[in-house]
**Q** 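Quick one: structure below, then a few questions.
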2 protein chains.
Amino acid sequence: MKNYDNQNKVLLAVDCIIFGFDKKNLKILLIKRDFEPEKGKWSLMGGFLKNDENLDTAATRVLNHLTGLDDIYMEQLRSYSALDRDPVERTVSVSYYALINIEGHDTLNENFSAKWFNIDEKPDLIFDHNLMVKNAMSRLRYRASTKPIGFELLPEKFTMKQLQTLYEAILGENLDKRNFINKINGLDILIKTDEKDMNSSRKGSFFYTFDAEKYQLKVSDGFAFKL
Amino acid sequence: MKNYDNQNKVLLAVDCIIFGFDKKNLKILLIKRDFEPEKGKWSLMGGFLKNDENLDTAATRVLNHLTGLDDIYMEQLRSYSALDRDPVERTVSVSYYALINIEGHDTLNENFSAKWFNIDEKPDLIFDHNLMVKNAMSRLRYRASTKPIGFELLPEKFTMKQLQTLYEAILGENLDKRNFINKINGLDILIKTDEKDMNSSRKGSFFYTFDAEKYQLKVSDGFAFKL
DNA sequence: ATTTGGAAGTGTAAAAAATACATTTATAAA
DNA sequence: TTTATAAATGTATTTTTTACACTTCCAAAT
């Protein structure tokens with residue numbers, strides 16, 4: 001047998017839910033369609049799987065094409081295969097989410113009309129993209145409580161307040177400042193620098209950095225991140 | 001624009017990780033390939049997506065084809081797309097897991113050489129199916145602790161011991177009998193029948209049933225299953 | 001009728017984790 | 001030097017989780 005004859009092939013796409021954080025709000029990157037159908041509506045950035053790449057590669061390519069960024073945290077979510085999900089042609093799509101530290105990396109490919117939206121001000125999207133975003137949010141919430149992926153969204157140096165604000169945005173609830181700090185400090189994976197952010201207050205607040213090496217060491221000693 | 005021209009199409013398959021429980025052991029249903037390549041090796045049950053069905057439908061069809069069963073709990077897991085994962089032809093596969101109450105439902109389609117294996121006696125599988133099973137186990141563990149899916153694997157009436165044995169098999173660890181019972185009873189979603197299972201001991205142990213209605217009511221009141 | 005063996009059934013104390021909560025401190029600007 | 005404002009800090013309480021051992025019930029054997 002040389003190949004699987006007479007089986008239906010299908011168009012396979014990837015769609016990226018791109019999350020970012022600007023020190024205050026959790027954001028999502030969307031593009032405005034400038035072609036039919038649904039011209040003028042907002043959508044996720046996507047692309048078709050090519051014969052010479054796997055899905056992770058395709059998702060990375062699509063993200064890179066829009067943002068120019070490499071080495072971004074991405075994770076496959078799930079497949080969407082409703083028969084009529086794309087009115088143009090039957091297409092199955094696999095969603096991925098990406099976490100971007102917006103700081104400095106806000107230069108987007110001009111060929112797309114892309115825009116960052118606050119997650120709670122997201123416009124209505126085409127096809128089943130609203131559902132994809134909803135599912136991505138729920139995965140993000142889960143992941144953020146079991147892996148320190150939150151740090152992917154922050155600049156190298158961040159304040160406790162920024163970290164807490166980010167987690168509040170992800171979890172969608174307010175957290176008690178003292179309990180939050182106690183818990184984070186208990187994890188023992190942050191380094192307190194001697195620099196201060198003087199923008200937010202007169203007193204200034206210390207910058208921290210995430211200690212990836214220490215984190216990895218702890219993980220290999222059986223430590224499991226749990227926020 | 002009528003369709004997406006010049007884009008590569010791909011074969012899309014579903015592969016099913018079929019879990020069962022026989023009152024003692026967590027099991028997985030595998031089929032023996034009677035064609036090349038890898039003839040004689042064990043594999044997951046799978047099939048190709050057809051043009052007129054979505055992935056859930058395809059997975060349900062594949063499962064039904066092998067077991068004759070309908071109305072089985074299935075959940076999509078993830079996609080596997082390595083370029084060389086199937087030596088015959090480039091194929092992307094979406095894995096699903098199913099939970100079957102083996103009790104009485106052990107008649108399998110004779111056209112496949114299918115066999116139930118204890119999960120810890122699983123043979124080596126073809127392609128990337130070992131990885132699929134590993135990932136399915138980890139999803140099963142997570143789901144079993146956040147949704148009462150364990151009950152899908154049990155017959156309508158079951159003893160506390162059977163339920164505990166099942167959860168031990170899923171979680172891969174021994175649980176304290178009293179703590180387990182206290183926790184389950186605390187959930188208040190079981191009905192204690194006045195029948196006893198006289199097979200396991202002279203004293204006999206009471207049968208319980210899962211109260212799906214009560215569970216649904218509690219869920220809509222904001223209750224979240226957490227074991 | 002009595003004994004026996006073995007799983008079923010049951011509760012509590014201790015430890016750990018999560019939560020609720022209010023005052024002091026540092027600094028720039030007025 | 002006063003003031004305004006966010007940063008920083010600790011503890012008591014409640015809830016959850018864990019550890020742990022004896023009694024009960026019944027069929028089978030005597």
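Every chain is numbered from 1 and lettered A, B, ... according to where its sequence line falls, protein lines coming before strand lines. This structure is a prediction, so every number in the text was calculated from the model and none was measured. Any value given below was found using the heavy atoms of this structure, including those in side chains, with hydrogens, waters and symmetry copies removed.
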**Q** Mind checking whether A:F210 and A:F151 have parallel, tilted or perpendicular rings, split at 30° and 60°?
**A** parallel
**Q** Going by side-chain contact (heavy atoms from CB on, under 4.5 Å), name the residues that satisfy it together with A:I181, two or more places apart in sequence or in a different chain.
**A**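 Partners of A:I181 under the side-chain contact (heavy atoms from CB on, under 4.5 Å) test: A:M160, A:K177, A:N185.
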**Q** Which residues pass the side-chain contact (heavy atoms from CB on, under 4.5 Å) test with B:K183, not counting sequence neighbours?
**A**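 Once residues adjacent in sequence are excluded, B:K183 has no partner under the side-chain contact (heavy atoms from CB on, under 4.5 Å) criterion.
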**Q** Taking only residues two or more places apart in sequence or in another chain, which ones pass side-chain contact (heavy atoms from CB on, under 4.5 Å) with A:D211?
**A**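 By the side-chain contact (heavy atoms from CB on, under 4.5 Å) rule, A:D211 matches A:I191, A:E213, A:K214.
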**Q** Take atom NZ of A:K226 and atom P of D:dT17, then tell me their distance rounded to the nearest Å.
**A**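 My rounded result for the distance is 10 Å.
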**Q** Distances under 3.5 Å between protein N/O atoms and the N/O atoms of nucleotides 25-30 of chain D, please, pair by pair.
**A**
{"unit_1": "D:dC26", "atom_1": "O3'", "unit_2": "B:R202", "atom_2": "O", "d": "3.4"}

**Q** List the residues meeting side-chain contact (heavy atoms from CB on, under 4.5 Å) with A:N118, not counting sequence neighbours, and say none if there are none.
**A**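 Testing A:N118 for side-chain contact (heavy atoms from CB on, under 4.5 Å), a comparison that skips the adjacent residues, returns A:N25, A:K27, A:D120, A:E121.
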**Q** NZ of B:K161 versus P of C:dG6: gap in Å, rounded?
**A**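 Result: 14 Å.
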**Q** Tell me which pairs pass salt bridge (charged side-chain N to carboxylate O under 4.0 Å, His left out) where either residue lies in residues 63-74 of chain B, with sequence neighbours left out.
**A**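 The answer is none; no pair qualifies.
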**Q** Could you pull out every donor-acceptor pair under 3.5 Å between side chains of residues 58-68 of chain A and any protein atom, sequence neighbours left out?
**A**
{"unit_1": "A:T60", "atom_1": "OG1", "unit_2": "A:D56", "atom_2": "O", "d": "2.8"}
{"unit_1": "A:R61", "atom_1": "NE", "unit_2": "A:E53", "atom_2": "OE1", "d": "3.0"}
{"unit_1": "A:R61", "atom_1": "NE", "unit_2": "A:E53", "atom_2": "OE2", "d": "3.3"}
{"unit_1": "A:R61", "atom_1": "NH2", "unit_2": "A:F48", "atom_2": "O", "d": "2.7"}
{"unit_1": "A:R61", "atom_1": "NH2", "unit_2": "A:E53", "atom_2": "OE2", "d": "2.5"}
{"unit_1": "A:N64", "atom_1": "ND2", "unit_2": "A:G68", "atom_2": "O", "d": "3.4"}
{"unit_1": "A:N64", "atom_1": "ND2", "unit_2": "A:L69", "atom_2": "O", "d": "3.0"}
{"unit_1": "A:T67", "atom_1": "OG1", "unit_2": "A:L63", "atom_2": "O", "d": "2.9"}
{"unit_1": "A:T67", "atom_1": "OG1", "unit_2": "A:L69", "atom_2": "N", "d": "3.0"}

**Q** Could you list the residues that satisfy side-chain hydrogen bond (donor to acceptor under 3.5 Å, both in side chains) with A:K161, not counting sequence neighbours?
**A** none
**Q** To the nearest 10°, let me know how far the axis at one end of the helix from C:dA1-D:dT30 to C:dA30-D:dT1 is tilted from the axis at the other, five pairs an end.
**A**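 Between the first-five-pair axis and the last-five-pair axis there is 10°.
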**Q** Looking at residues 166-193 of chain B, who's got a heavy atom less than 4.0 Å off DNA chain D?
**A**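 Hits under 4.0 Å, by residue number: B:D176, B:R178, B:N179.
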**Q** Restricting to salt bridge (charged side-chain N to carboxylate O under 4.0 Å, His left out), what partner residues turn up for B:D128, sequence neighbours left out?
**A**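 B:D128: salt bridge (charged side-chain N to carboxylate O under 4.0 Å, His left out) contacts with B:R85.
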**Q** Under the side-chain hydrogen bond (donor to acceptor under 3.5 Å, both in side chains) rule, collect the residues that match up with B:R78, sequence neighbours excluded.
**A**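 With neighbours one apart ignored, the set is empty.
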**Q** What integer distance in Å separates B:E195:CD from C:dA8:C1'?
**A**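 Nearest whole value for this atom pair: 17 Å.
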**Q** For the pair made of CE in B:M160 and P in D:dT24, what is the distance, rounded to whole Å?
**A** 21 Å
